[in-house]
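Some notes on the structure that comes next.
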Amino acid sequence: MKSAEVRLENISKQYHRLTAVDNVSLKIEPGSMIALLGPSGCGKTTCLRMIAGLIRPTSGGIFVNNADITHVPVHRRNIGMLFQNYALFPHLTVEENIAFGLEMRGIKKAAAKARVAEALTLVQLSSFGGRYPAQLSGGQQQRVALGRALVIEPAMLLLDEPLGALDKGLRESMQVELRALQQRLGLTTIMVTHDQDEALTMADKIVVMRAGNLEQVGSATEIYQRPVSKFVASFIGVSNMFEGAVERREGAGGLVAAKSGIRLQVDSMPSMASSDVTVSIRPEAITVEKANGLEVADRPNVVAARVEQVIYRGFISHYYLRTQGGQQLIAFEQNQLHTTGLRHTVGDEVVARWDASSNHVIPNP
Amino acid sequence: MDERFSGPGAWILYAITIAMMIFILSPLLLVMAVSVSDSYFVTFPPEGFTLKWYAKVLQDRDFIDAMQLSILLALGATIGSLLLGVPAAFALVRGDFFGAAAITGFLLSPLIFPALVTGLALLQVLSRLGSEDARLNLLIGHIVVTAPYVIRTVLSSLLLVDENLEDAARTLGASRMRTFWRVTLPQIASGVAAGGLFAFMVSFDNYPISMWLANSEYSPVPLVLMRQLVNVFDPSVPAMSTIIILFAMAGVLVLERLVGLRRALTV
Ligand SMILES: Nc1ncnc2c1ncn2[C@@H]1O[C@H](COP(=O)(O)OP(=O)(O)O)[C@@H](O)[C@H]1O
Ligand SMILES: [Mg+2]
């Protein structure tokens, strides 16, 4: 299957006064999988449907392998699309559902039959061809939908929260399976999700959207480790955030004085106009130790706190701490299999510390 | 037996159901009973038993002609209202134009058409237009009153169709037209059938519109029946009525067999 490069150039979609998608430009490498990630209503589905041709952009262009498809009707775009509710034709059998796209392309019955069988094998439903969608489980239905989308050898695959209706265990195994299949076929894929784990698991590149705009585009590690905004830092994973001001610069890094009283040593400080910054620290970067009269005083990246809540989650525990300055801190610590009990309990006086390299500076707008 | 229909409450339910059935069906049964009465006037209880009134009715040229006209008219009205009503319902549900919601709401509310006034208005419009053909006028008039029934049933079944099915079909290479035939229509088939049946029955049974638009040459069954009733009220009138009742029931049964009308009517 030849994979397509997809490019969006300044596309916008306006609904009366509401701008659902605002001047978005994006390039999707051939054979890669990207995830549009963001809260509900941020314009992900609208974006995807514009690429599919189901929604006409108010302005801007869509290009596939540099060919302008902005005005090509849906049914000539050669697209495989999966919907959250599967959208299988209830009056057709599994085989007939899969054959639908081939039939629309005028492919002869005999040739279509072989390809349908192939697709059924691909999605591991060979013995289900004669059933009706209502006779299948949710996971099986989505496999049929996948087979139906892939059998036409689409130029790209579009997924709109395709696993959202499945329960957690099945969803996770389908994520891995879908990703493996996508990589094996080398199929350019665009997925929409509001589930960060799904995006992290499946995508080469994550596009974080907010209110119709692209907030950040990058690999999973870039997005997680170097969020460009407070929004991204809090939307992907959990972050501790300190509002503060740059106190001084030293080489690439410097010192930030947080409003809650503590001081933060940072390794790298972006160049920026204002000195107002937010420093974000991931919970797993924080080490929690017994206070034992440990001197905290003026040292950076160290803070005295009291344990307010402990949540045991199997291999990790979440510690909710309150600093003396009144700020809440969340720390994740891996549990040791052989020690019994938790390292800290509610009410303990502790010291939280972390490396300068864990401090990520976000300039305030 | 289904457990919903057991217990003390069930008897009350049965009693009410039976009472309702008697209330609805007794006039029809009464008509059927007097149609076999061996007397020259309509009497109840019927005297003796005879089928001679049926023999008389089935040889009555006026009645046969009227039946033919009514059946053709009802078929024409059904086809016409389907051709107009299905696309109209589709436009109302899927289209995004000003007033669509208001029109939909109006059509889904209980249908009230002052047919007598509609008929008179139609007569004026059609004669103004110089339309002299009574059959054509009847057809137009009947479509005007039957199309809303089709729009209504199709509309309500269309509202239940998942729009994603149509989107999926289109991404798979189906044009809008093919999507409609291959995906949408099978989903709304029962609604279309129910609408068609309503249209047929409403047309077949219509008096107030036909009254204005018919002439002496072309009179549908209800008009002939009424005329007969006014002239000689002998048991041939109930015999005609019985034929019409049986005809209507047969239609319903056939449709029930074909598309599962019960499902269609509950949309
Ligand atoms: N047909 C429509 N008419 C008006 N507003 C719409 C329409 N479709 C979507 N919107 C609005 O556009 C915004 C983006 O919607 P959508 O793309 O579905 O978001 P997401 O998929 O990220 O949840 C939302 O505020 C939504 O209410
Ligand atoms: Mg969405």
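Naming convention: chains lettered A, B, ... in sequence-line order (proteins, then strands); numbering from 1 in each chain.
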State, yes or no, whether a side-chain contact exists between B:Leu172 and A:Arg148 at a heavy-atom distance under 4.5 Å. yes

Contacting region of A:Arg77 [heavy-atom separation from chain B under 4.5 Å]: neither

So, do B:Asn164 and A:Gln84 sit near enough that their side-chain heavy atoms are less than 4.5 Å apart? no

On a heavy-atom basis, which atom in A:Ile152 and which in B:Thr171 lie closest, and how many Å separate them? CD1-O, 4.4 Å

Can you tell me if CD1 on B:Ile12 sees more than 12 non-hydrogen neighbours from other groups inside 6.0 Å? no

Do A:His75 and B:Arg178 make a side-chain contact, defined as non-hydrogen atoms from C-beta onward lying under 4.5 Å apart? no

Count the heavy atoms belonging to other residues, nucleotides or ligands that lie under 6.0 Å from CG of A:Asp167, then report whether that count exceeds 12. yes

Tell me, for A:Leu82 versus chain B, whether the close heavy atoms (under 4.5 Å) come from the side chain, the backbone, both or neither. neither

What I'd like to find out is whether the side chain of A:Phe100 reaches to under 4.5 Å of the side chain of B:Arg182, using heavy atoms alone. yes

Measuring heavy-atom distances to chain A, does B:Asp162 have an atom under 4.5 Å in its side chain, in its backbone, in both, or in neither? side chain

Look up atom CG in B:Leu185 and atom NE2 in A:His91, then write down how far apart they are to the nearest 0.5 Å. 9.0 Å

Specify which of A:Ala149, A:Gly80, A:Pro90, A:Gly53 makes the most heavy-atom pairs with chain B at under 4.5 Å. A:Pro90

Tell me if the CZ atom of B:Phe23 is crowded by more than 12 foreign heavy atoms within 6.0 Å. no

Rounded distance [0.5 Å steps], CD in B:Glu166 versus CG in A:Leu54: 11.0 Å

Neighbour count >12 (heavy atoms, 6.0 Å) for atom CZ, A:Arg105: yes

Go through the atoms of A:Phe89 and report whether side chain, backbone, both or neither lie under 4.5 Å from a heavy atom of chain B. both

In chain order, what residues pass the ring-ring contact (aromatic ring centres under 6.0 Å, His included) check against B:Phe180, with sequence neighbours excluded? B:Phe90

Tell me, side chain or backbone of A:Asn85 under 4.5 Å from chain B's heavy atoms, or both, or neither? side chain

